[in-house]
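Take a look at the structure set out below.
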Amino acid sequence: MSGGLVERETQLSSLREAFGCAERQQGRLVLLAGEPGAGKTVLAEALAAEVSGRARVLRSVSQDTTSPIPLGILRDAAIQLGDELRAAVRAGGERHDIFEQLLAEVGSHRTPTLWLVDDLQWADEASLDLLRFIARRLLGLPIVVVCTYRDTEVGPALRALLGELATVRDVRRLQVPPLSATAVTLLAPDVQPEQAKALHARSGGNAFFLSELLRGANDGYSGVHDLVLGRIGRLGSSAGELVEVVAVVGDPAALALLAQLRPGVDGLDELVAAGLLVERDPGQVGFRHDIVREAVLSVLAPHRRAELHRRLLGLLGPDAEPAVVVRHAVGAGDRAAVAQWAVLAAERSAAAGAHGNEAEMLALAAASIDDDDTKARLICRQGVALSHASDLDAALGVLEAAESWRCEPATEVERLAALARIHGLRLNGDRARECLDLALLRAEQIPLLERPFAPYAAAAGLAMLRRDRPSAERFGQTALELAHARGDEVACADVRVTLASVGLNDTGDAGPLEKAAEEAHAIGAHRVELRARNNLGSGLSTHGRLAEALAALDRAVLLCARRDEDEVLGRLTVSRAMTLLELGRYDEAINTARQLLADPRQEWRGGPAGITACALARMGQPVPEGLLETELRNGRETADMVVHTMGLVTAAEVAWLGGDAHDELVQLAALHAGMIEGQGWLKSVAAGWSAMLGGVRLQPGLEGMFAFAAIGDFSAAAGAFAAAGMVYQQSLCLYREGSVVSLEAALEILTGIGAVPLADRVRAALRERGVTPRRRRGAGLATQAHPAGLTAREADVLRLLATGLRNADIAEQLVVSQRTVDHHVSSVLRKLGVQSRVGAVRAATALGVIEQT
């Protein structure tokens, strides 16, 4: 027989190609799928054998256990990695730092790395995150990661990863199909054709089952488990007992540990000779195939299994891996050990960012404890972990189930605060406020220094979203004092971000929030830092400081991408799309928002639908049915008053551009009437838009751009909007101001940014005043005739740009504002498909358009 590599040349060729890419610093991740026993591992090992002299080979095996070890695949491979990285993995260091260290170690190694990861369907959550991290950064890395998995046993976590990696350029997917009937004769030339056909029919083309049948097994065996057990039954009693021990210990099993359970490790040579066990790394053995282990465990008597787990539990010391101890404690039925070690295992999982595994360990611990208060505290932690894992339904389920338990008041307050947070994430605002009000009421009955800080932190955050500064500061200061008393630095940093965000929203002072972000970074509270930077970008944007906002958001997006914080990236993307909309960069705003509209994980988020609808309407393009309804629904259901207000503003503007916004403006006025103290900026926004769209005059809040519009001072409002770079609002105010000069200036801006419907209204207003407006550009003959599709004014700008003039100099020559030139330059770059002014000149020269203009 040939080792089973019959009819696998296509797959092996693809693996060789992937390794060749790694040798050229072009990393690859290969997902090798097939049924159990298809020959996936044999195929991966064949590649390892071929490249053994040219590559470092790492091996990892995942196991089907109740308590997976966080970053288990990396722990398996750590023995062959650098000392510093190995120590960080063993100590459970900060996850992202470990990921970065691994990439640096792989990149600096003298030969390419081939990493074989077996049975990915059982990998822990943090290991899947590591593979996601690597897959996005393969370019420039000399590594091939070959992951085998059973495509018949793909769980939700792996399914999500496979979906995300489907479009990643450097990921390859290979299928290992069953063998054909012809393969039997190739594997065993001496077998008669009829016998070969029968063997193929019995094995179903399964490579492992077929190889076992060809070893000469009795014809009475009808399945692979039956066949494996039959072979074990023909071995000596020592080998039979040892294989049971190895099955319970897990793969790989250290020989030193086996020797404590089976002195002399009697029967080991017999098991290796029979092809049931193989040597792993030095001093370790494992099963030739996990099917063998599954077969042994399937018939292992419960009392024998429990006895082995108890003996193993007694051999593990205080420095043992918590997840391993939990596995044996569960098997031994030792509830006290489960309760103790499962909490430690949960903490390890949390540190690795594996919140789903964290929740599983907390559930195990809670189930092993009789005291209701302790159980309830663990369940609260479980609910929070599930919410971090984005499993909000399960989080609500466990927290609501704990309502009837007898527990201490502080524990009940924690439970209610967790429920409030999750209902808020689900956009169930009424239920969130109900839970939070009850949590605060019960917290007031507890001595001050014993109160949980969670409800006060949640109340501060909710007040911030409502733009209720007095309440946010009152609750925030209390939360800060309580978190400080408990020495919780991360909680303190998070509350400081809330308080600083309130200040930015109210006054426009970004300094405290910048400081809060840096403080969060200094203590390693990276999610808190990202929240701060998201709030910084959105806060600056709402105050019209768009250039600063876009820079802050771009920086935060890079941080998110570096750390693979996809959930936070969603919020940042909304803020960034809104800023692009305000800058008049409609195509970019639409493309950015559509990233979220197409992602089912972001369907609850307010903003993307409204941004897309607004940009399309401003360009005069059809707004898809249901888009505005989605935005309005999200606005009604969220506690974020900005989302709610801007949803109604968007609906009113779209309706106004279409001809009639009466109903929408009435709704906007009703929302304005219900705004409370501390929402002065939003009052001004609602009042300003009502005035700009021809609605009733509403009492503005704080002074500023929108307040000027609200009181009818459209000239001052236009100047303020121009200074902020909000060119569409500037044009709308110039339109409302109504002089010929203002209307012509508005038409110039609107033509430049492609805001067709409002430009048409401006032209109509000019005609009413007896002025013939300049020809509509963008769709005019001049534009159509231009090789690059530039308008006449854009062609003028490009000609002057080619002479080396700055935007300010071009503005002076054309007698327009610098802001208008900025937009023309951006449009020229976009139409020419270049990123820089130099690139624009080169492209224009190649097209011959500079000479033509």
Side-chain angles (χ1 to χ4, degrees), residues 581-582 584-587 613-623 628 649-666 668 687-697 705-706 708-722 726-784 789-794 796 814-817 819-820 823-824 827:
L581 175 73
E582 300 291 25
R585 293 158 62 172
Y586 299 133
D587 288 334
C614 187
L616 289 171
R618 288 183 183 180
M619 290 191 296
Q621 297 182 16
V623 177
L628 268 178
V649 166
T650 297
E653 183 188 350
V654 171
W656 180 75
L657 290 173
D660 181 12
H662 176 267
D663 293 344
E664 290 78 6
L665 287 169
V666 168
L668 185 61
W689 273 106
S690 181
M692 289 189 292
L693 297 177
V696 296
R697 292 289 173 85
M705 298 175 288
F706 288 100
F708 287 136
I711 62 176
D713 190 347
F714 291 112
S715 180
F721 284 128
M726 301 170 73
V727 290
Y728 184 86
Q729 288 88 333
Q730 174 193 358
S731 301
L732 188 51
C733 287
L734 290 172
Y735 167 68
R736 286 297 179 193
E737 195 273 331
S739 69
V740 171
V741 172
S742 294
L743 290 171
E744 288 183 333
L747 185 59
E748 179 74 24
I749 296 169
L750 294 168
T751 302
I753 62 176
V756 176
L758 183 53
D760 287 344
R761 284 179 177 253
V762 172
R763 289 189 183 89
L766 283 168
R767 292 190 191 98
E768 289 174 1
R769 288 158 179 75
V771 178
T772 302
R774 282 171 288 180
R775 183 174 52 203
R776 175 174 173 172
R777 299 176 198 153
L781 294 175
T783 298
Q784 294 174 6
L790 304 185
T791 66
R793 179 46 57 94
E794 287 169 350
D796 291 340
L814 297 178
V815 196
V816 295
S817 72
R819 188 71 63 181
T820 298
H823 284 285
H824 285 319
S827 181

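In what follows, every heavy atom counts, from backbone to side chain, and hydrogens, waters and symmetry copies are set aside.
- Looking at every heavy atom in both residues, A617 comes nearest to V654 through CB-CG2, 3.8 Å.
- The side-chain heavy atoms of Y728 and Y586, taken from C-beta on, include a pair separated by under 4.5 Å.
- Under the 3.5 Å distance criterion, the side-chain polar atoms of R769 are matched with a main-chain donor or acceptor of G738.
- Taking both residues in full, the closest heavy atoms of S731 and A746 are given as O-CB, 3.7 Å, listed atom of the first, atom of the second, then distance.
- Shown here for M705 and A720, the closest heavy-atom pair between the two residues is CG-CB, 3.4 Å.
- A donor-acceptor pair is defined here as one N or O able to donate and one able to accept, closer than 3.5 Å; such a pair exists between the side chain of S690 and the backbone of V696.
- In terms of heavy atoms, A652 sits closest to A661 at O-CB, 3.3 Å.
- Within the 3.5 Å criterion, the main-chain N or O of S739 finds a donor-acceptor partner in the side chain of E737.
- Using a 4.5 Å heavy-atom threshold, the side chains of L743 and Y735 count as touching.
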Inset, instruction - Report the C-alpha distance between R763 and T751 in whole Å, list the side-chain angles of each, state the deciding distance to 0.1 Å, and finish with yes or no for side chain to side chain contact (heavy atoms under 4.5 Å, CB included). - result: CA-CA 11 Å; R763 289 189 183 89; T751 302; 3.9 Å; yes
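- Separating the CG atom in L628 from the CD atom in E653 is a distance of 10.5 Å, to the nearest 0.5 Å.
- The CG atom of L750 sits 8.5 Å away from atom CG of L732, with the distance rounded to the nearest 0.5 Å.
- Within the 4.5 Å cutoff, the side chain of R618 has heavy atoms near those of the L581 side chain.
- The side-chain heavy atoms of P773 and L747, taken from C-beta on, include a pair separated by under 4.5 Å.
- A distance of 8.0 Å separates CG in L668 from CG in L693, rounded to the nearest 0.5 Å.
- For A691 against R736, the heavy-atom pair with the smallest separation is O-NE, 4.0 Å.
- Residues E744 and S742 bring no donor and acceptor atom of their side chains to less than 3.5 Å of each other.
- Closest of all the heavy-atom pairs between C614 and T650 is CB-CG2, 3.9 Å.
- Remark: the backbone N or O of H662 is paired with a side-chain donor or acceptor of D660 at under 3.5 angstrom.
- At a threshold of 4.5 Å between non-hydrogen side-chain atoms, the residues W656 and M692 do not count as touching.
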Legend entry - Test side chain to side chain contact (heavy atoms under 4.5 Å, CB included) applied to M726 and Q730, step by step: CA-CA 6 Å; M726 301 170 73; Q730 174 193 358; over 6 Å; no
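- Using the six-membered ring where Trp is involved, W689 and F706 have ring planes that are tilted, between 30° and 60° apart.
- The shortest side-chain heavy-atom distance between V756 and M619 does not fall under the 4.5 Å cut-off.
- With contacts defined as side-chain heavy-atom distances shorter than 4.5 Å, the pair E582/Q729 qualifies.
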